[in-house]
Amino acid sequence: MDKIPKIVVVGAGRIGWHLAKRLKGKGLPVAQVVSRTEQHAKELGESIQCKWTDKFEEIQQDADWVLLAVKDDAIIQVAENIAPFASESFVTHTSGGTAGEVLAKYFKRFGVFYPLQSFSMDHMPVWSKIPFCVDASSPTDLMFLKKIAKTIGNLVYQVNDVQRANLHVAAVFANNFSNHCFAIAEMILKEKDLPFDLLHPLMEETLTKALQESPAKMQTGPAIRGDAETLKRHIELLESHPAWMKIYKDLSESIQKTPAD
Ligand SMILES: NC(=O)c1ccc[n+]([C@@H]2O[C@H](COP(=O)([O-])OP(=O)(O)OC[C@H]3O[C@@H](n4cnc5c(N)ncnc54)[C@H](OP(=O)(O)O)[C@@H]3O)[C@@H](O)[C@H]2O)c1
């Protein structure tokens, strides 16, 4: 990085916290935090010793890079709020499920800085293993994002809006839906006084194999074997949970229709 850019983080949620701290830790201090809720802006601003405000019109107008780390549904509204004061800045959002193009109406220079990982407040990210999916409206700004991503992480990919939208759907299957299935499994066991730990080795083996080979090839269980009687018994066992029964039926059908290669 030739010169240290003036960075403003908008949004003091999970992504705002983690990125602001990591940037600072890697010699890219955030100049200002702007967040809707005063307390949230203050807490993050004080923790990284920078200016903070809950007023969008007070955003630093000479910012080189404005990182919008707000809820997907608030991106356009926040872009609208800061546009009159950040028209010269390079503005990116961090959303996997939102096109970068939504910023084109408000800023000359825009892009996306999407870290493909699940971030929680109390869990330290492993930065070297996070794919940063970046895109920008100009080659110079794209290069800037790639350098930032390489400084705070290791894996950088240029991903356009259409690719990222599909990547995000895939990520929902790989993370949110599989985690929901884990949650259902835990509840089923709890109802019968069984510990969730019983399933841990199986869960670990599933992930290990899915990382080594194509998951479709690794599929086992009654659906892929076509064990109709077992499937019927499982569906009966789920009678008191119609929502889980529907998921069971839909997933079993999908497994049976998915070729192994
Ligand atoms: N968390 C993840 O795992 C993850 C991973 C990759 C990308 N992302 C993306 O990162 C972005 C932020 O996600 P997050 O997980 O950090 O969300 P979060 O923890 O729920 O924080 C949401 C942030 O949005 C702000 N906000 C909410 N509604 C607003 C509104 N109407 N006007 C202005 N600000 C509003 C909140 O401000 P206040 O708190 O000040 O009210 C808060 O700073 C999203 O685009 C998300 O898709 C998240």
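Just so you know, ligand 1 is whichever comes first in the structure, and atom 1 is the first atom listed for that ligand.
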Near-ring test Y114/F132, centroid separation under 6.0 angstrom | no

For H200, does the NE2 atom have more than 12 heavy-atom neighbours from other residues, nucleotides or ligands under 6.0 Å away?
->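 Check passes, neighbour count above 12.
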
In short, S128 meets N154 closest at the heavy-atom pair O-CB, 3.6 Å

Assess the side chains of W65 and T92: does a donor N or O sit below 3.5 Å from an acceptor N or O?
->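 Side-chain D/A pair, W65 to T92: present.
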
Using heavy atoms and a strict 4.0 Å limit, residues surrounding ligand 1 turn out to be G11, A12, G13, R14, I15, S35, R36, T37, H40, F56, A69, V70, K71, D72, A74, Q77, V78, T94, S95, Y114, P115, Q117, S118, F119

Given a cutoff of under 4.5 Å between side-chain heavy atoms of I, L, V, M, F, W and Y, with clusters grown through shared members, what are the other residues clustered with F196?
-> F182, L189, L194, L198, L199, L202, M203

With the 4.5 Å side-chain cut-off for hydrophobic clustering, are F85 and V9 part of the same group?
->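 In one cluster with F85: V9, no.
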
